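In this text, all values refer to a predicted model and were calculated from it rather than measured experimentally.
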Amino acid sequence: MGTAGTRTDETVGERRQLINVAYRLLGSLAEAEDAVQEAYARWYALPRRRQDEIVSPGAWLTTVTGRICLDVLGSARARRERYVGAWLPDPLPDHAERGHGSGTDPADQMVLDESVSMAFLVVLESMTPAERVAFVLHDVFRYPFAEIAGILRRTPAACKQLAASARRRVRAARAPATATAAVRADVVRQVKEAWEAKDIAALVDLLDPAAVMTADGGGHAGAAPRPIEGAARIAQYMAAIAEKAQGLELLERSVNGAPGLVARRSGAVLTVAAFEVAEGRVTRIWAVRNPEKLRPWIG
């Protein structure tokens with residue numbers, strides 16, 4: 001009886017790690033939670049004798065979760081091609097700012113570091129499923145290639161090559177001089193103030209001339225169907241939104257572990273915006289408006 005309880009505690013204790021792995025692999029909290037639940041379902045479906053034969057239940061659950069995520073990534077490309085407008089990863093709130101986290105919500109389980117920044121997750125989206133799995137598990141979570149080989153059903157050498165290819169993608173997409181957290185917070189604060197004032201000139205000054213703004217409405221909320229390019233066009237778009245959306249309240253909040261903005265009206269969260277800042281200016285804005293992706297921000 002004691003052994004059974006210990007084993008159950010051991011597997012339950014892996015949930016936080018598995019959620020963190022699955023979110024980075026999928027970019028979706030709902031899909032990550034589904035993948036982890038499916039992995040646990042497969043564990044509990046094993047005969048007790050088979051469970052006892054498994055030396056490390058955590059490693060087994062990671063392998064199964066990784067394979068489930070690999071399958072989801074393979075089908076996700078087709079689904080995202082049918083998605084209305086641009087698809088962006090789910091934005092993550094800081095559970096300390098939420099103030100009411102239950103501890104069981106997937107958003108409350110997330111470790112907020114550079115590997116969940118919106119910029120990083122968007123680069124992950126450009127990788128093949130196998131590249132993403134190999135890179136995330138090895139470079140982010142430090143799993144050895146021998147274990148990753150079991151997930152991808154490839155040789156360790158092949159997995160090493162996949163991770164190297166993914167690493168090149170990350171280097172190619174990285175901003176030339178990423179700002180410190182303090183600088184990013186200051187720039188985002190200035191964007192907030194200029195946006196509230198509908199000050200197009202100030203917004204243009206805060207944006208890199210080649211800045212890009214991408215919005216995700218998913219067909220459920222109004223959003224620009226294609227990325228908006230150029231400081232002047234983005235500033236005009238932002239000012240027009242502020243003009244139309246009377247009563248809009250902008251709040252400075254942590255988004256995926258970095259300074260961002262949350263737009264609310266009558267207490268309802270309408271938009272969560274993440275920013276990339278380099279050399280004191282905003283280079284990218286990712287605005288998530290799909291209400292299905294904003295559920296962790298409610299309340």
Side-chain angles (χ1 to χ4, degrees), residues 27 80-81 83-93 117-123 125-126 173 175-176 178-179 183-256 258-294 297:
R80 288 170 192 173
E81 285 175 3
Y83 194 81
V84 178
W87 186 95
L88 291 175
D90 291 5
L92 294 175
S117 71
M118 193 63 72
F120 189 78
L121 292 173
V122 168
V123 176
E125 283 295 313
S126 70
T178 303
V183 169
R184 280 183 287 179
D186 184 58
V187 171
V188 170
R189 186 173 300 113
Q190 292 181 64
V191 169
K192 171 184 177 290
E193 293 169 353
W195 197 353
E196 289 173 330
K198 309 179 190 67
D199 190 337
I200 293 177
L203 284 170
V204 169
D205 192 49
L206 290 164
L207 295 164
D208 184 270
V212 179
M213 179 180 189
T214 304
D216 176 349
H220 302 288
R226 291 177 295 279
I228 302 170
E229 301 179 359
R233 291 185 63 199
I234 295 171
Q236 290 165 0
Y237 180 79
M238 293 172 72
I241 291 174
E243 189 68 42
K244 292 178 182 177
Q246 296 300 317
L248 197 67
E249 177 187 21
L250 295 177
L251 305 172
E252 295 175 53
R253 292 289 185 268
S254 172
V255 180
N256 288 62
L261 293 176
V262 172
R264 293 194 314 195
R265 185 164 55 191
S266 302
V269 174
L270 302 180
T271 305
V272 173
F275 297 80
E276 182 176 69
V277 177
E279 299 180 350
R281 287 184 166 183
V282 174
T283 56
R284 294 294 302 257
I285 302 173
W286 297 279
V288 180
R289 306 202 69 237
N290 184 343
E292 294 182 356
K293 298 186 177 187
L294 300 180
W297 298 81

field: Over all atoms of both residues, closest heavy-atom pair of Ala215 and Ala223
entry: CB-CB, 3.8 Å
- prompt: For Asn256, what residues pass the side chain to side chain donor-acceptor pair (under 3.5 Å) criterion, not counting sequence neighbours?
  reply: Tyr23
query: Where do Leu261 and Glu252 land on the side-chain contact (heavy atoms from CB on, under 4.5 Å) test, with the steps shown first?
result: CA-CA 5 Å; Leu261 293 176; Glu252 295 175 53; 4.0 Å; yes
task: Please answer whether the main-chain N or O of Gly218 pairs with a side-chain N or O of Lys293 as donor and acceptor at a distance below 3.5 Å.
output: no
- request: State, to 0.1 Å, how close Gly280 and Val187 come at their nearest heavy-atom pair, and which atoms those are.
  value: O-CG2, 3.6 Å
Euclidean distance, Leu207 CG relative to Arg284 CZ, rounded to 0.5 Å: 12.5 Å
task: Check side chain to side chain donor-acceptor pair (under 3.5 Å) between Glu125 and all other residues, then give those that pass, not counting sequence neighbours.
output: Arg80, Arg132
- request: Determine which pairs satisfy salt bridge (charged side-chain N to carboxylate O under 4.0 Å, His left out) with at least one residue from residues 225-246, sequence neighbours left out, and list them in order.
  value: none
- prompt: If every non-hydrogen atom of Ala202 is compared with every non-hydrogen atom of Ala194, which pair is closest and at what distance?
  reply: CB-CB, 3.8 Å
message: Give me the atom names and distance for the closest heavy-atom approach of Thr214 to Leu88.
response: O-CD1, 3.7 Å
Atom of Ala287, atom of Met213 and distance for their closest heavy-atom approach: CB-CE, 4.3 Å
message: Apply side-chain contact (heavy atoms from CB on, under 4.5 Å) to residues Ile234 and Leu203 and explain how you reach the verdict.
response: CA-CA 8 Å; Ile234 295 171; Leu203 284 170; over 6 Å; no
field: Trace of the side-chain contact (heavy atoms from CB on, under 4.5 Å) decision for Ile228 with Ile285
entry: CA-CA 10 Å; Ile228 302 170; Ile285 302 173; over 6 Å; no
- line: Between the OG atom in Ser266 and the CG atom in Leu248, the distance rounded to the nearest 0.5 Å is 10.0 Å
- request: Any chance you could measure Thr271, atom OG1, to Arg265, atom CZ, to the nearest 0.5 Å?
  value: 9.5 Å
field: Donor-acceptor under 3.5 Å (Trp297 side chain, Pro91 main chain)
entry: yes
- request: Look at the side chain of Thr283 and the backbone N and O of Glu276, then say whether any donor-acceptor pair between them is shorter than 3.5 Å.
  value: yes
- request: Supply the atom-to-atom distance Lys192 NZ to Leu250 CG, rounded to the nearest 0.5 angstrom.
  value: 6.5 Å
message: If the threshold is 4.0 Å, N to carboxylate O, is there a salt bridge linking Asp205 and Arg281?
response: yes
task: Using the side chain to side chain contact (heavy atoms under 4.5 Å, CB included) rule, pick out the option among Val255, Val212, Asp216, Val122 that qualifies with Trp286.
output: Val122
Nearest non-hydrogen partners of Pro89 and Val288, listed with the distance: O-CG2, 4.0 Å
message: Nearest 0.5 angstrom please: Ile241 CD1 to Leu270 CG, how far?
response: 11.0 Å
query: Between Arg189 and Glu193, does at least one N-O distance fall below 4.0 Å, as a salt bridge requires?
result: no
- request: Look up atom CG in Asp199 and atom CE in Met238, then write down how far apart they are to the nearest 0.5 Å.
  value: 11.5 Å
